[in-house]
2 protein chains.
Amino acid sequence: MLNIKPENLRTFVTVADCGTLQEASEILGRTPSAISMSLKQLSEQLGAELFETDRKANLTPTGQFVLEESRRALSSFDESLSIMQRYTQGKMGVVKVATVPSVASHLLPDVVSRFQKKAPNVRLELRDTDSVMVATAVRNGSVDCGVASLSFASQDLQHQLLLEEPFGLVCRPDHSLATSKKPLTWQALEDVTFISNGLCEQIRDEQFVRINSNTAIQVHNIVTLLGFIQQGMGVTLLPRLAVPDQGELCFLPLADKAAVRRLYFLEPKHHRISPAGMVFKGEVVGSFIRE
Amino acid sequence: MLNIKPENLRTFVTVADCGTLQEASEILGRTPSAISMSLKQLSEQLGAELFETDRKANLTPTGQFVLEESRRALSSFDESLSIMQRYTQGKMGVVKVATVPSVASHLLPDVVSRFQKKAPNVRLELRDTDSVMVATAVRNGSVDCGVASLSFASQDLQHQLLLEEPFGLVCRPDHSLATSKKPLTWQALEDVTFISNGLCEQIRDEQFVRINSNTAIQVHNIVTLLGFIQQGMGVTLLPRLAVPDQGELCFLPLADKAAVRRLYFLEPKHHRISPAGMVFKGEVVGSFIRE
DNA sequence: CGCCAATTTCATTAAATCTGAAATAATCTT
DNA sequence: AAGATTATTTCAGATTTAATGAAATTGGCG
């Protein structure tokens with residue numbers, strides 16, 4: 001089998017274009033004798049003369065054919081290398097991300113627009129679900145990475161803290177607790193109708209856990225939950241980002257500063273994410289670290 | 001710029017397929033350490049890890065992408081080399097040939113069928129004209145080579161004698177000369193109506209040249225010429241191959257054995273013909289040398 | 001937690017490639 | 001047509017690049 005390297009073809013193409021070894025030698029940065037040897041090797045491998053005479057002005061029919069095919073071969077090879085390079089630089093590919101809804105709606109838009117400026121040819125696939133599903137999706141590989149809170153550390157997930165935000169009481173402005181001047185204690189919740197939601201599981205305080213587990217209603221969907229609050233059916237606890245800014249509901253601080261939601265960047269521990277995914281991660285992490 | 005050679009990609013693909021250096025080293029015929037270094041070089045050039053761990057069982061996302069692209073790059077490159085190789089071996093391409101009609105109809109069929117057996121993927125373009133046009137076509141490159149007689153040696157044509165065949169007198173069976181027992185002398189032509197044709201210019205004998213230039217009719221097209229003879233309008237001189245075998249005309253030998261048509265293989269002197277053309281030439285020359 | 005096997009590293013050897021000078025071949029000039 | 005000139009090839013030595021084999025390291029498995 002023959003052993004022709006792209007550099008042989010590149011040399012040949014340059015010489016054919018220049019018509020002289022001297023000129024080609026300057027372009028290629030090698031001596032004419034090196035180029036002469038490279039051409040000799042190529043024509044020996046092919047078993048045919050490429051030039052009519054030892055002056056390089058005229059190609060044989062074989063030379064013309066090999067010239068065209070060499071151009072094709074080189075541009076295809078170079079294109080492949082370029083594609084690999086763009087991929088490894090995170091300028092190409094697909095990134096699939098799962099986040100919790102509050103992150104998706106409040107924090108992702110900024111991250112995404114900066115990411116797209118940096119990597120305009122990368123396709124971004126976003127989905128939002130609850131934290132458990134985010135973790136599952138990252139774990140089984142159906143997404144590259146995710147942002148969620150972490151109920152329990154998984155052995156095949158790597159996590160990185162992005163943000164801590166306090167829970168607060170969400171209620172109507174005319175609710176009895178709404179006028180409280182001081183941060184609310186857990187005790188205050190004992191006497192009102194508490195509507196639980198999925199995020200409440202993040203709060204580990206014993207007294208609250210009891211309140212939470214005794215509650216009559218638990219609503220998982222945020223929009224539905226807020227509707228219930230709006231109707232005056234009770235109060236709930238939510239982190240700041242989960243509550244729409246321009247709503248008509250109150251958001252009151254809690255006395256227990258340990259009641260926080262932690263958001264983590266999640267990625268698989270045992271296999272790494274794509275270069276484009278790394279660029280996305282950089283945007284996410286950078287965005288949260290700055291603020 | 002990066003300096004990745006096909007051998008690097010081939011090594012990577014083999015290792016990715018095998019899943020272990022040991023196995024790949026046997027296939028590639030190199031030691032595991034050589035392969036390890038080649039892989040290291042590749043991933044350094046790309047600036048990304050290709051395998052999850054130093055065991056080669058699992059590819060990173062980058063590795064999977066590079067694997068696919070490497071396959072594409074290698075098969076394209078190899079295909080190009082294969083095409084060049086097939087071309088230089090005369091297994092691909094186009095051969096354009098011009099011949100005189102008698103060769104085209106009598107001798108080419110055999111040559112062509114043997115050529116097509118040898119080079120089934122080469123396109124053959126045949127045309128027939130008179131010798132002067134054949135030579136012109138070869139000279140100006142509109143055909144690769146040709147078969148014709150040669151009125152005057154051209155400085156940019158290379159020729160090779162294929163066949164010498166004697167001229168003979170062509171006439172109706174009831175013509176006065178048809179019954180002659182002895183080979184005909186030029187003198188015998190002085191008393192009959194001689195119809196000239198283009199091939200007669202090959203005959204240099206002085207007496208004949210005079211007869212030929214005094215003739216009242218000159219017909220260039222062979223079919224037309226034979227029609228004239230058939231009608232009893234006169235006689236002509238032709239080489240054996242130019243007269244149809246199963247015609248009703250007589251072909252009588254001449255006394256002057258120097259009156260021969262010489263057929264040459266013609267090719268350009270200053271630029272060589274394509275590999276497929278060389279294969280065709282081989283068939284033509286071989287065919288004539290054998291007989 | 002330690003063994004076993006695969007992989008990497010490192011120093012050395014081998015191979016391929018490049019250089020520069022001299023020889024050769026081709027074109028240009030007279 | 002012969003010498004002058006320029007381009008190309010050849011060759012030996014130098015340099016760069018890749019491959020080897022032994023030793024060190026790493027990762028997976030019991």
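Values below: every heavy atom of this structure, side chains too, minus hydrogens, waters and symmetry copies. Convention: sequence-line order gives letters A, B, ...; per-chain numbering from 1.
- Protein atom CZ of Arg30(A) is 16 Å distant from nucleotide atom C1' of dT8(D), rounded to whole Å.
- Between the side chains of Glu49(A) and Thr60(A), no donor N or O sits under 3.5 Å from an acceptor N or O.
- Picking from dT9(D), dT8(C), dC18(C) the nucleotide with the shortest atom distance to the side chain of Ser33(A) gives dT9(D).
- Going from atom NZ of Lys40(B) over to atom C1' of dT17(D) covers 15 Å, rounded to whole Å.
- At the heavy-atom level, Gln41(A) lies under 4.0 Å from the strands shown only through sugar-phosphate atoms.
- Rounded to an integer number of Å, the gap from His270(A) NE2 to dG27(D) P is 14 Å.
- Between Phe77(A) and Phe77(B), the angle of the ring planes lies from 30° to 60°, which puts this pair in the tilted group.
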Worked check of ring pair (Phe, Tyr, Trp, His ring centres under 6.0 Å) between Phe288(B) and Tyr264(B): CA-CA 10 Å; Phe288(B) 281 93; Tyr264(B) 296 89; over 10 Å; no

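- Between the CD atom of Glu7(B) and the P atom of dT17(C) there is a distance of 12 Å, rounded to whole Å.
- Between the CG atom of Asn3(B) and the C1' atom of dA18(D) there is a distance of 12 Å, given to the nearest Å.
- Residue Arg55(B) is classed as a base contact, given a heavy-atom separation below 4.0 Å to a base.
- Residue whose closest nucleotide on DNA chain C sits further toward the 5' end, between Pro32(A) and Glu23(B): Glu23(B).
- Atom CE in Met37(B) sits roughly 11 Å away from atom C1' in dT12(C) (whole-Å rounding).
- Side-chain polar atoms of Ser149(B) and Ser131(B) form a donor-acceptor pair below 3.5 angstrom.
- Nearest nucleotide to the side chain of Thr20(B), out of dA19(D), dT7(C), dT10(D): dT7(C).
- Looking at Arg86(A) and Ser82(A), their side chains do bring a donor and an acceptor atom within 3.5 Å of each other.
- Contact check, Lys5(B) against dT17(D): no side-chain N or O comes under 4.0 Å of OP1 or OP2.
- Going from atom CD of Glu49(A) over to atom P of dA25(C) covers 15 Å, rounded to whole Å.
- Ser38(B) comes within 4.0 angstrom of nothing in the nucleic acid, heavy atoms only.
- The listed nucleotides are dT19(C), dT8(C), dT20(D); the one nearest the side chain of Thr31(B) is dT20(D).
- Within the 4.0 angstrom heavy-atom criterion, only backbone atoms of the sugar-phosphate kind lie near Thr53(B); the bases stay farther away.
- Atom CG of Leu39(A) and atom P of dT10(D) are 12 Å apart (whole Å).
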